[in-house]
Amino acid sequence: MSEITKESTEEKSRNFIEQIIEEDLRTGKHGGRVLTRFPPEPNGYLHIGHAKSICLNFGVAQRYGGATNLRFDDTNPVTEDTEYVDSIKNDVQWLGFQWVNEFYASDYFDHLYEFAIKLINKGLAYVDESTSEQMATMKGTPTEPGTNSPYRDRSVEENLDLFVRMKNGEFAEGTHILRAKIDMVSSNMIMRDPIIYRIKFAHHHRTGDKWCIYPMYDFAHGQSDSIEEITHSICTLEFIPHRELYDWCIENLEIFPSKQYEFARLNLTYTVMSKRKLLQLVQEGYVTGWDDPRMPTISGLRRRGFTPESIREFCDRIGVARRDNLIDVSLLEFCIREHLNKVAARRMVVVGPLKVVITNFPEGKVELCHSENNPEDPEGGMREVPFSREIYVEQDDFMEVPSKKYFRLAPGQMVRLKSAYIIRCDEVVKDEEGKVTSLLCSYIENSKSGNDTSGINVKGTLHWVSAAQALPVEIRQHDRLFKVEDVAAAEGDFKDHINPDSLQVITGYAEPVLKEADVGEKFQFMRKGYFCLDADSTPEKLVFNRTVGLKDTWGKVAAK
RNA sequence: UGGCGGAUGGUGUAAUGGUAACACAGAAGUUUUUGGUACUUUUAUUCAGGGUUCGAGUCCUUGUCCGCCAACCA
């Protein structure tokens, strides 16, 4: 019985791509086949915007019993490199997706060359010897029509001869170009005799020096889709004007009719998403690399402590539509907190230490307390935490003159030490300058966590670490990279808006079990946030990245 | 002064001519050995004008605003 109810209550509305696919399935358009592709250019690292595309392309294929190709759009040898190919493959798999085929546009260079010959033979392409300046002039503007090139009416034979000689390396870069012969007065600028092949004496990361002519995006993408018999070629909105050319090529080449569909790319508050800008941040040293935890790259998010599950959930929640958007980064933060709350082990780490001496606790005695690893996970188990006469608590957890509703330590005030005893602050120790250096407290003997017979009720519970066993750790707290919400729309250069305080490095004290943490392992430092162990860690000094803080309602109350 | 997309709370996304909903963010509260979590409550929405219709966020029309397009980039 529950089967039907469950199905109908959990039914989610479909995005417009899914609606198109369902319609195609209903009409039997491709015999029920769904094949998508994820087509990055290997010239940079993947970012969260690509994650949206990956989740969409792989997601719809999975949902409708189809498959997805990974295809590297490597038609421009000067910007591309195998370093990027490797990182892209790694990131897609890390996100949890597996492609059926790994292809490269460069796999099709022979094929694409034949397509060009075919177009020439049909009188639909010609070799132009104009300079780029001349071509720009003849192109016209959005409001003025273009004019035909003087080379436009060459014979098929002459074009064939010239194109073969281009391929054979007889001409210098920039002297000859192959253009499609379409319409110089089209209202769509893309259709004004677009360049489809250019000369580049460049070493290609896969084809080496075999070619000195390379197809343009518009002459490679649709044809690659067609060769692979992609049924739904999903790309971002800025390619809308290219669709007319995409269809023109397929029609005139008389090849498999793949169709292009466009959705709005992801924009996130307080960051940038363009590869050009991200590259600048890396090259000019604003961040430490593509995997800097402040970067919106997949590798950066991974190092920061994000999980694939949280990123997939995020992509699911933001939806897919055709209007420009700027997603609030707090949604991403919500997704990672939601996941980590369920899976991250709790640990106690004091970030801004204040020494507390428990005056009635015997010197030299170490008592083991037991604390649950994760209250959200009944099978998470317990760990031992040493308690002794000298401990550290957070500086923020003491106020000499407490404000109302402050439930932490203050002269005469009592708090619970998490998983240990209730203590009372008896005396404040200060240096000559009046700065608080330590607290003298007493503990309530029969208040131990688990067997508290004291009958005392306290409102505050603090995390703490035993001074003698504490591990010094480095904590890297990352904040938003930019100071403004909408970086792309902000006045001036985007770098003017960089947040100078986006990284704060602090030394803290951790409870001893953290010595066994693995690189990448995620924890909740109680009352502080979620953290993961960074690869920069050494046995002498553990380094943790703060993924995201805990939701802090006290901070808001205190600020009032 | 061209063409093409688009416009629903603060931010996103639904509603496919028939009660404008869901999530995040915000506010208030309950529980709590994390001022976390969970739970409850709550604030706030159809760009504007005209038209079609019993009925319009949805269709038509006019306007406004936003985005994209003039790389030998993708």
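Chain A is the first sequence line, chain B the second, and so forth, proteins listed ahead of strands; every chain is numbered from 1. What you see below is based on every heavy atom in this structure, not just the backbone, and it leaves out hydrogens, waters and symmetry mates. Bear in mind that the values here come from a model prediction, so they are computed numbers and not experimental data.
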Euclidean distance, atom [atom1] of residue [X] to atom [atom2] of [N] [Å, nearest integer]:
X	N	atom1	atom2	value
A:Asp552	B:G36	CG	C1'	10 Å
A:Ile240	B:G3	CD1	P	16 Å
A:Phe263	B:G6	CZ	P	15 Å
A:Lys459	B:U31	NZ	C1'	13 Å
A:Leu245	B:C73	CG	C1'	15 Å
A:Ile195	B:A71	CD1	P	9 Å
A:Lys418	B:U33	NZ	C1'	5 Å
A:Leu331	B:G26	CG	P	12 Å

List in numerical order all residues of residues 186-194 of chain A for which some heavy atom is under 4.0 Å away from an atom belonging to RNA chain B. A:Ser187, A:Met189

For [X] and [Y], which I'm curious about, is there any donor-acceptor pair between the side chains at under 3.5 Å?
X	Y	result
A:Glu367	A:Tyr421	yes
A:Ser53	A:Asn57	yes
A:Asn188	A:Ser186	no

Sugar-phosphate only, base, or nothing, as touched by [X] at under 4.0 Å among non-hydrogen atoms:
X	value
A:Gly450	base
A:Pro40	nothing
A:Thr141	base
A:Gln524	base
A:Phe334	sugar-phosphate
A:Leu462	nothing
A:Arg337	nothing
A:Val78	nothing
A:Tyr406	base
A:Tyr197	nothing
A:His463	nothing

Report yes or no: is the cationic atom of A:Arg347 (NZ for Lys, CZ for Arg) under 6.0 Å from the centre of the six-membered ring of A:Phe523, at an angle within 45° of the ring normal? no

Is there a side-chain contact between [X] and the phosphate of [N], meaning an N or O under 4.0 Å from OP1 or OP2?
X	N	value
A:Arg322	B:G67	no
A:Lys200	B:C73	yes
A:Lys556	B:G26	yes
A:Arg323	B:A7	yes
A:Thr75	B:A74	yes
A:Arg527	B:G35	yes

State which of [options] makes the closest approach to the side chain of [X].
X	options	result
A:Asp73	B:C24, B:A70, B:A74	B:A74
A:Met216	B:U13, B:G35, B:C72	B:C72
A:Glu376	B:A74, B:U37, B:A70	B:U37
A:Ser13	B:A71, B:C72, B:A14	B:A14
A:Ile318	B:C73, B:G35, B:G12	B:G12
A:Arg317	B:A74, B:A23, B:G36	B:A23
A:Ser132	B:U34, B:C72, B:G35	B:C72

Please name all residues satisfying side-chain hydrogen bond (donor to acceptor under 3.5 Å, both in side chains) with A:Arg337, sequence neighbours left out, ordered by chain then number. none

Interatomic distance at C1', B:U19 relative to B:G57, whole Å: 14 Å

Considering only the P atoms, how many Å lie between B:A56 and B:A44, rounded to the nearest integer? 24 Å

Ignoring hydrogens and angles, does a donor from either the side chain of A:Ser449 or the base of B:U33 sit under 3.5 Å from an acceptor on the other? yes

Is any side-chain N or O of A:Glu485 under 3.5 Å from a base N or O of B:G10, one able to act as donor and the other as acceptor? no

Position toward the 5' end of RNA chain B (nearest nucleotide), A:Arg416 or A:Val320: A:Val320

Roughly how far, to the nearest 0.5 Å, is NZ of A:Lys52 from CD1 of A:Ile311? 15.0 Å

Report the distance from atom CG of A:Leu301 to atom OG of A:Ser310, rounding to the nearest 0.5 Å. 8.0 Å

Using centres under 5.5 Å plus planes under 30 degrees as the test, is A:Tyr217 stacked with B:A74? no

Under a 3.5 Å cutoff on both atom distances, Watson-Crick or G-U, what's the dot-bracket for RNA chain B ([ ] crossing, | other strand)? .((((((..((((....[..)))).(((((.......)))))....(((((..]....))))))))))).....

Quick one: closest heavy-atom pair of A:Tyr214 and A:Lys200, and the distance? CE1-O, 3.4 Å

